[in-house]
Every structure is written in C-alpha cells, then in structure tokens.
Number of protein chains: 2
Amino acid sequence: MVVYAGQGENKRTMALLWRAHGAVQDADKVSPGPKQGLSVDEIVDAAVELADAEGMNAVSMRTVGKVLGRSGMALYTYVPSKGELVDLMYDRALGELPTRYDVSQGWRSAVVAWADDYWAFFLRHPWVLQVSSARPVLGPNEFASMDTVVRLFDGVELPALLLRRIVGTLANFVRGCVQTIAESRQAPGATGISDEEWWYARSAALAAVVPDFAQRYSALIRLETEGATPPDDDCTPYMERESTEQFKAGLEVLLDGIDASITKAAASAAGSAGAT
Amino acid sequence: MVVYAGQGENKRTMALLWRAHGAVQDADKVSPGPKQGLSVDEIVDAAVELADAEGMNAVSMRTVGKVLGRSGMALYTYVPSKGELVDLMYDRALGELPTRYDVSQGWRSAVVAWADDYWAFFLRHPWVLQVSSARPVLGPNEFASMDTVVRLFDGVELPALLLRRIVGTLANFVRGCVQTIAESRQAPGATGISDEEWWYARSAALAAVVPDFAQRYSALIRLETEGATPPDDDCTPYMERESTEQFKAGLEVLLDGIDASITKAAASAAGSAGAT
DNA sequence: TGCTAACCTCTTACGGTGTAATGGGTTAGG
DNA sequence: CCTAACCCATTACACCGTAAGAGGTTAGCA
C-alpha cells in the first residue's frame with residue numbers, strides 16, 4: 001500500500017507538521033467542551049510503533065484507535081485524515097536521523113557515515129519507503145535531513161546544480177538498496193517461511209517448468225556461478241546479506257563517480273579562471 | 001498499495017508465468033463442461049491496460065472483471081489469486097523491454113541506451129514500481145531483462161561479483177529516479193491540481209507557518225538559489241523536468257564510477273598477472 | 001437420446017478499509 | 001444553571017480480496 005500525502009487544507013497540515021500543536025487553533029481561542037483525552041503526538045507515536053512492529057498494512061484508523069483505547073473515528077478530531085497522519089508519521093521518523101557529520105576528514109568518509117545511518121534508519125522503519133516520495137511532505141525533519149546531506153559537501157567545490165543532483169542520486173541509491181530488504185521483511189510470508197525456503201521451493205518449481213534455463217539466460221548463469229556470494233558464516237537471510245553487500249559495493253562505485261565529478265569541476269573552474 | 005507476489009502453490013504460478021497456458025492442466029486431460037470464455041492473456045491484458053490508464057489502485061478483481069464483462073469472481077477460474085495476476089502483469093510488461101544492445105561502441109553508450117529504455121518503460125507502466133521487488137517473480141521476462149543488463153558489459157573485464165553489484169546498482173538507480181515521477185503521476189491529485197499549483201499552495205502555507213526557514217536550512221536555501229533549475233521553455237511539469245535532469249546527471253556520475261571500477265579491476269588483474 | 005460429471009460463472013457473504021453523518025455525553029463561560 | 005462548543009462512539013456507505021454455494025453449460029458415455 002503506497003500512501004499518498006493528504007492534500008487537504010495545506011495550512012492545517014503545515015501547522016500540524018511544524019509543531020504548532022498548541023497553535024493549531026489560534027491560541028487565543030476559547031475552548032469550552034471536554035478536554036482532549038489524546039494528543040497528536042500520542043497518536044503519531046502509536047501509529048509509528050504499530051508500523052514498526054507490524055508494517056504499514058497494519059496501520060488503519062481503527063487499529064491505531066484501538067491501541068489508544070478509542071474508536072477509529074475519534075482520531076479525526078486530531079488529524080484531518082489518514083493522509084495527514086501518515087505525513088506526521090513520516091516526518092516524525094525522519095527526526096531520528098543525525099544532523100551533524102564530521103567533514104574535517106573529507107567528504108567521502110562523511111558520506112559513508114551518513115549512508116550507513118540512512119540505511120539503518122530505513123531498516124528500523126521500513127514503512128517509510130512506502131510513503132510516497134512524489135510530493136514531499138515539507139515537514140521540518142524532512143528539510144533537516146536534506147540540509148544535512150547537502151552539508152556533507154560543505155567544503156567541496158561543485159556547481160550548485162550538479163551538487164543537487166548528486167545529493168538526490170545518493171538518497172535514491174540508499175533508498176533503492178534498502179527497499180529490497182525492507183519489502184522482504186514486510187512481505188506477508190515474512191512470518192512463516194524464510195527467504196531460503198521460499199527460494200528453494202520457488203526455484204525447484206522453476207527448474208521443473210523451464211528445463212532450458214541455462215541456455216536461455218547464459219549470461220545470468222555465468223554470473224551466478226562465477227560470482228556466487230561467499231557463504232559468510234553468519235545466519236542473516238540470503239537476501240539481506242546480498243543486499244547489504246550490494247549497498248557497500250555500490251556506494252563505493254558511486255563515490256568514485258562523485259570523485260570524478262569533483263575533479264572535473266575543479267579542472268573546469270581552474271580552466272575558466274585561467275582563461276579570464 | 002504495494003502488492004506482494006502471491007506465494008500460493010509455486011508450481012501453478014510458474015506454469016502460468018512460463019507460458020504454459022496450454023500445459024496448466026496436464027494437456028491430455030479430458031475436459032467436459034463449458035469452454036473457457038476468457039483466457040489468462042486476455043485478463044492480464046485488461047489488467048495491464050487498466051493499470052496503465054488509471055493506476056494500480058484502480059486494478060481490482062471486480063474492475064478487471066467488469067472490463068471483460070464478467071464478475072470479479074469469474075477471474076478466479078483462470079488465476080489463483082490477485083497476487084498471481086499481479087505477477088503475470090509484471091512479467092508481461094517486462095516483455096516490452098528490448099533485449100539487444102549494441103556493445104561494439106563500448107559499454108558506456110550501451111548502458112546509456114539501456115537506461116533510457118528502462119526509464120521510458122517505467123514511465124509507460126508506472127505501476128510496475130509498486131510491485132514488490134523483494135521476492136522476484138521469476139518469470140521469463142524478468143530473467144530476460146536481467147540477462148540483458150549483464151550482457152551490456154560483455155566485453156568488459158570485471159570480477160563477476162562486482163559486476164553483479166554494478167548491475168544491481170544501475171537498476172536501482174533508474175528505479176529510484178523514475179519513482180518520483182511515476183508516483184506524482186499516479187497521485188490522487190494528479191487529475192485535479194497540477195504540480196505547480198500544489199507546490200505553490202503548499203509552500204505558501206509553509207512560509208506562513210515557518211518564518212525562520214532561511215536560517216534553519218541555510219544550506220538548502222543556498223543550493224536552491226544558486227542552483228535553480230533553468231526555466232526550460234517546454235511545459236512539462238516542474239517535478240518531471242527536475243527528475244529527468246537528475247536522471248541524466250546522476251547516470252553520468254554513476255558511469256564515471258563504473259569506469260573507475262573497471263580501471264581498478266584491470267590494474268589489479270595486471271598486477272596479479274605480473275606477480276605470478 | 002439421456003445421464004452424469006466436470007467445469008464456468010454469478011451471487012451472496014464475511015471481515016477488512018477510509019470516512020461522512022448523526023447523536024449523545026462532557027465541560028467551560030455567561 | 002443554561003447553552004454552546006467540543007470529544008467521542010455509532011452507524012452507514014462504498015470499496016477491497018476471496019470463501020462458499022448455487023445454477024447453467026457442455027463433453028463423453030451408456
């Protein structure tokens with residue numbers, strides 16, 4: 001279930017996101033009627049906890065309400081719709097990300113540290129990947145996390161436009177890598193059969209149906225036999241180990257590419273400086 | 001809505017995927033009863049068409065059935081569950097991808113051509129991104145597309161393990177880039193307000209709520225003002241143009257990184273060859 | 001020809017979703 | 001104390017995937 005950001009009244013959404021919990025209703029407003037038995041924070045906390053534990057599919061208005069001992073509809077007093085709740089969950093989770101990295105040792109080590117944190121973050125909150133990234137939520141922590149990535153390159157000479165794209169590519173890269181793991185953890189069979197069992201059953205069925213596999217996909221077969229993942233003793237599922245390795249290796253490749261970009265940019269800057 | 005691959009009886013699924021439409025029931029079986037009024041192909045076609053036109057959310061058993069003039073339940077005669085139908089849609093769509101690229105001019109131009117095709121493919125079928133990538137479908141076209149990517153590097157000297165990771169990173173990269181566009185096209189507001197309008201309304205609300213934005217996110221602001229996307233005359237939505245530019249630039253960076261990997265691999269191969 | 005068994009399809013039903021509408025209980029200010 | 005505002009629950013509606021069962025259709029056999 002990909003959940004789209006609610007696009008209700010933007011103003012109320014923004015007020016909720018930017019910690020205007022007190023200022024949602026214009027502060028000086030009188031308020032007869034019973035006190036609120038809940039708070040937006042409580043609701044978001046409960047929803048995040050639920051999503052962490054049982055996946056985004058388990059998060060419904062009713063289930064969140066049940067956790068808090070209310071009906072599902074009660075939440076609509078605090079939050080305009082489920083979309084906004086998801087926005088709040090998203091931005092709240094992002095708040096966990098570190099915002100400072102040491103760039104004194106150069107950008108490369110800083111980027112690696114950031115990527116590791118980002119990676120771990122998604123593993124802690126896999127459901128975040130299901131929140132639509134099309135239209136940013138524009139919450140405080142989303143901006144903070146973006147700001148943080150940009151500051152990784154603080155001392156580096158790069159055209160702003162190129163830097164923007166590099167930053168985007170880095171974020172995309174981590175997201176893409178971790179998605180495989182995250183989804184396999186949330187898959188319905190996650191509790192039940194393991195990756196290994198699934199693969200075994202599935203590829204057995206495959207072999208039965210497609211006897212000429214090796215001929216049809218010779219390049220794949222060659223890659224698989226030559227470059228089999230070494231059976232690293234620890235017992236993390238196959239898919240996760242594979243993805244982790246790909247993350248590490250892919251990051252190095254990407255960093256080399258960024259390095260090349262920086263070198264090029266420096267050369268062109270020097271060239272134009274020399275020309276003037 | 002992220003849809004997970006059905007994990008029903010693997011054998012039947014595999015038979016369906018690998019075009020064993022005739023061989024689903026063991027060929028020599030007698031068959032009293034009415035002829036099938038539909039075929040798996042028809043159903044998958046209709047579902048893909050629906051998904052292309054109105055997004056994955058519009059694809060339900062009932063809606064697909066309606067397109068074909070049947071009830072939703074009628075489809076269960078042909079397909080064990082919705083999960084398998086999604087698998088079939090996925091593999092069928094992948095069948096559109098080209099499988100041959102000219103590597104005679106070097107790997108780099110071939111990879112660029114492939115990336116463009118892959119990109120365009122996802123734009124044609126944005127819903128494919130919503131199909132879980134955790135547990136591959138293992139259909140013929142999925143393997144074919146992977147095989148194709150591997151063959152882009154046919155003449156290149158790279159350790160198999162590294163090549164596998166590079167290939168994975170490339171695929172992840174394109175997926176990640178296109179996701180932004182794809183989701184923005186499928187977003188519920190896609191028919192209604194445009195990207196520009198949304199951004200305008202949303203950031204107006206933002207400015208009202210957060211007056212100290214520029215101080216809190218100075219790095220972002222600097223990036224935004226210095227590296228503003230040039231207003232390229234054509235009228236594609238802001239988000240799409242931005243994403244496309246990021247795709248192009250990011251790909252170049254990534255290719256530079258791959259180049260570096262190849263150089264390194266060659267050096268290490270030469271080194272070890274010289275050492276022995 | 002008529003029967004039977006297998007098969008296709010539809011209807012109904014169940015538990016789930018998000019949320020609009022309604023109404024009752026609680027509490028502050030006048 | 002009354003009233004108006006507010007919190008919350010109930011009910012209801014339209015959707016979802018699919019289990020269960022009923023009824024029509026057809027091939028093969030007697």
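Side chains are part of it too, since the values below use all heavy atoms of this structure and drop only hydrogens, waters and symmetry mates. In what follows, every chain begins at residue 1, and chains take the letters A, B, ... in the order their sequences are listed.
Summarising the geometry, the separation between CE on Met56(A) and C1' on dT17(C) is reported as 14 Å, rounded to the nearest angstrom. dA9(D) atom C1' lies 14 Å from atom NZ of Lys66(A), rounded to whole Å. One interatomic measurement links the two molecules: OH of Tyr76(A) to P of dT22(C), which rounds to 17 Å at whole-angstrom precision. Atom CG of Leu68(B) and atom C1' of dT9(C) are 13 Å apart (whole Å).
Note that the two end axes of the helix from dT1(C)-dA30(D) to dG30(C)-dC1(D) enclose an angle of 30°, each drawn from 5 base pairs, rounded to 10 degrees.
A donor-acceptor pair under 3.5 Å is absent between the side-chain atoms of Tyr118(B) and the main chain of Val174(B), judged by distance alone. Panel note: side chain Asn141(A), backbone Asp91(A); a donor-acceptor pair is recorded below 3.5 Å. Side chain of Tyr217(A) to main chain of Pro140(B): a donor-acceptor pair is present (N/O by atom type, distance under 3.5 Å, no hydrogens or angles). Judged by distance alone, with hydrogens and angles left aside, the side-chain atoms of Gln246(B) form no donor-acceptor pair with the main-chain N or O of Glu242(B) at under 3.5 Å. The backbone N or O of Leu50(A) lies less than 3.5 Å from no partner atom in the side chain of Glu54(A), so there is not a single donor-acceptor pair.
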Worksheet item: How does each nucleotide of nucleotides 10-15 of chain C score, in 5' to 3' order, for protein heavy atoms under 4.0 Å: base (B), sugar-phosphate only (S), or none (-)?
Response: BB-B--

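Mapping Tyr78(A) and Met61(B) onto DNA chain D by nearest heavy atom places Tyr78(A) closer to the 5' end of the strand.
Put simply, Ser60(B) has a side-chain N or O that comes within less than 4.0 Å of OP1 or OP2 on dG17(D).
Aromatic ring orientation, Phe173(A) versus Phe247(A): parallel (interplanar angle below 30°, classes split at 30° and 60°).
For the salt bridge (charged side-chain N to carboxylate O under 4.0 Å, His left out) test, no residue two or more places apart in sequence or in another chain qualifies with Arg70(A).
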Discussion item. If you apply the rule side chain to side chain donor-acceptor pair (under 3.5 Å), what do you find for Gln36(A) with Tyr78(A), and how did you get there?
Written reply: CA-CA 9 Å; Gln36(A) 303 203 130; Tyr78(A) 303 87; 4.9 Å; no

